[in-house]
Amino acid sequence: MKELFSLASRQLGRKKLRVFLIVLGIAIGIAAVIGVTSLGEGIRVQAVEQIKAQHDLTTIDVSAGVEAGSVTLITDSKLRAIEKEEHVLFVASYVKDMYVTQNKTAFWLKGNTPEYRQIHRNLQLERGNWFDEEKESNEIVLGYDVAKRLAAIEDLGIGDEFVAKIRLYDEDSRPMDKTRDKTAVFKIVGILKSTGGEHDDEALVEIATAREMDEKDAYDGAFVKVDDPAFAASVGDKIEGLGLSARSAQDVIDEVNKLMVAVTIVFGVFSGFSLVVGALMVVNTMIISVYERTKEIGLSKALGASDFDIMKMFLAECVIIGVIGGILGDLLGIGFSMLIDLVGKPFLVSALGGELGAGLQTGSITVVTPEILAAGFAISLVLSIVSGLYPARRAARLNPLDALRQI
Amino acid sequence: MTVETRDLTKYYWMGKEKVVALDGVDLKMEEGAFISVVGPSGSGKSTLLNVIGCLDAPTKGEVYLAGWRVDYRNKQSLVRLRRKFVGFVFQTFNLIPALNAVENVEYPMYFNKAGRSKSERRESAMKLLELVRLEKRANHLPSELSGGELQRIAVARALANDPKLILADEPTGNLDSQTGKSILNLLKRLNEEEGKNIIMVTHDLESAKKMGKVIRILDGRIQ
């Protein structure tokens, strides 16, 4: 084996320029694939990091399960079952209804338990105080946008009380304000800072008050806190086993991963078309090599080489080309991905803008993993060998006498 | 070791013209013989050598090497015969340019390792170079050697797998007469001292007569 490769490298050494050009051709193709996949991988890592930064991976968002037309509601017994699961720290259930004031200003109202704020630690008061979650009260904390609306339209502020009732919708999603006459009086005690999320459009109230109003037997949702992100998926599965629907940030990450891996594969495959050029170069060069060495092949056969011996000799040359091409391709690929990072990042950051762009600024947008490098090397090797098969077979099948006669 | 051919016949077609290269050749070679085959160009003498050397298949007839009938349809057995029983010497030397002298001698051993390690093979290749008195040129590439030296290396290479039979196709054809004589002396020495059976194709009837038995071929027939 060693002799085979030493012989092959001697043969290649006689035409260094030609070998260098094929190797370069393959390496550039490999580098293109590595660059593109590292970009895909880099963006995937960035996206996942951003999700991790913005979401609590130990929180599972539970909602009513809908399957085959039947709805499984979040009842007290279900919540107790979830609480009993291993790794569950606590469950924060809530009810959520659309309310409307006497002047028809609509807002979402969430009735929540004391645990709710332990889940949503980003909730901060801009003004005022929190209501006492431990006892039933009509005190309400308004989300940033709700507070603005109520202040603008109804001139309501901290300390003011107002009357509201639940707004229900008919089948065509039209509000049916007249169906329920039960009203509640809320006292504004606090206003939240803007979160940029759902809480801006919601008002929060202690859960017992809200349940009394909506008269539902079940909750509209619950957040389940687990002790470790590693168990979020298994606990989520168990919650789904109860017929409920469970979502965690991990699900989002999984989806991003799935999407980015698919996108990266598609990109990689298309950039891989440049490798076809490299492969054709190998085929071409090896065929030329077979022509040039026809006499040598005939001689080798006369001296006792079998068809397989000849084939091995040519394939060994292809293996060497593939190995050098793979190494050079990996090196060029690393350089290429650095270039993408250098040139492409400022462009991406400005194109995306805002939070997404700012997130990109910190890290690198390309990630070259050992797997990507290994794949690049393997592709180069396999490509060279496959491209060499036809020329090698052609060499092996030469008639020794015809080959010897050729000058 | 004997070489025997029975009714050996070979045609081939040049366009629409049928060329008879061998026309019922019956040849018997005794153990230890040195046979020179002479005849004009196109008489079929090279074809005879190639068929005996398992490089070419006859249209009809049989070849026996050491009493075994050569099966020309069995590619593997032809490869084995070429490896073990036959050594070729060509008019144009045919050394591999990428390999130096000792590596060229060693080259056939690579296809017929026969349990010999790399160093053992190198050692026997060096001994063969000594036999043709070129041990000092062991590390020279073919491009650095003269025609006579190249042909002596080629003879050493023909001996690489210790074959019983050496087939030399006009071994002196590309050499001046003085150098040619030294190659003939080398072959004669191999025949007499090493006991090699040799069949040599040549134009040179005078030299052939000094080697041993001479066979004349004309139009594919032994005269």
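Just so it is clear, the structure is predicted and the values come from calculations on it, not from any experiment. Labels below follow one simple rule: chain letters A, B, ... track the order of the sequence lines, proteins then strands, and each chain is numbered from 1. Just so you know, these numbers use all the heavy atoms, side chains as well, and skip hydrogens, waters and symmetry mates.
Chain B forms the most heavy-atom pairs under 4.5 Å with one residue out of A:L7, A:L4, A:N399, and that residue is A:L4. Your options are B:L81, B:N50, B:D56, and the one with the most heavy-atom pairs under 4.5 Å with chain A is B:N50.
No side-chain donor-acceptor contact under 3.5 Å links B:R83 to the backbone of A:L303.
More than 12 heavy-atom neighbours from other residues, nucleotides or ligands sit within 6.0 angstrom of CZ on A:F5. Under a cut-off of 6.0 angstrom, the local environment of CG in A:D402 is crowded, with over 12 non-hydrogen atoms contributed by other residues, nucleotides or ligands. Shown here is A:M338, whose CE atom has no more than 12 heavy atoms of other residues, nucleotides or ligands within 6.0 Å. Annotation: A:R397, atom CZ; neighbour count of heavy atoms from other residues, nucleotides and ligands within 6.0 Å does not exceed 12. More than 12 heavy-atom neighbours from other residues, nucleotides or ligands sit within 6.0 angstrom of CZ on B:R122. For B:K118, the NZ atom counts as densely surrounded, since its 6.0 Å shell holds more than 12 non-hydrogen atoms of other residues, nucleotides or ligands.
For a residue to count as touching a neighbouring chain, one of its non-hydrogen atoms must lie under 4.5 Å from one of that chain's; by this rule B:R157 touches chain A with the side chain only. Proximity to chain A is absent for every atom of B:L78, based on heavy atoms less than 4.5 angstrom apart. Heavy atoms closer than 4.5 Å to chain A are found in the side chain of B:K75, but not in its backbone. Both the backbone and the side chain of B:P97 come within contact range of chain A, judged by heavy atoms closer than 4.5 Å.
Against chain B, no residue from residues 367-382 of chain A qualifies, as none has a non-hydrogen atom under 4.5 angstrom away. Listed in order of number, the residues of residues 131-146 of chain B that approach chain A to under 4.5 Å between heavy atoms amount to none.
Using a 4.0 Å cut-off between a side-chain N of Lys or Arg and a carboxylate O of Asp or Glu, B:K113 and A:E3 do not qualify as a salt bridge.
A distance of 8.0 Å separates CG in A:L404 from OG1 in B:T92, rounded to the nearest 0.5 Å. Interatomic distance, CD of A:E296 versus CG of B:L95, reported as 10.5 Å (0.5 Å rounding). Taking OG from A:S300 and CG from B:N94, the interatomic distance works out to 10.0 Å, rounded to the nearest 0.5 Å. Between A:L401 atom CG and B:S46 atom OG the span is 9.0 Å, to the nearest 0.5 Å.
Taking both residues in full, the closest heavy atoms of B:F111 and A:G304 are given as CB-O, 3.5 Å, listed atom of the first, atom of the second, then distance. The two atoms that bring A:Q11 and B:A98 nearest to each other are OE1-CB, 3.9 Å, heavy atoms only. Across every non-hydrogen atom of A:P400 and B:R82, the tightest pair is CG-NH1, 4.3 Å.
Counting only heavy atoms from C-beta outward, the side chains of B:V79 and A:K301 never approach each other to under 4.5 Å. Within the 4.5 Å cutoff, the side chain of B:E103 has heavy atoms near those of the A:R10 side chain. Residues A:L299 and B:F88 have side chains not in contact (no heavy-atom distance under 4.5 Å, counting atoms from C-beta outward).
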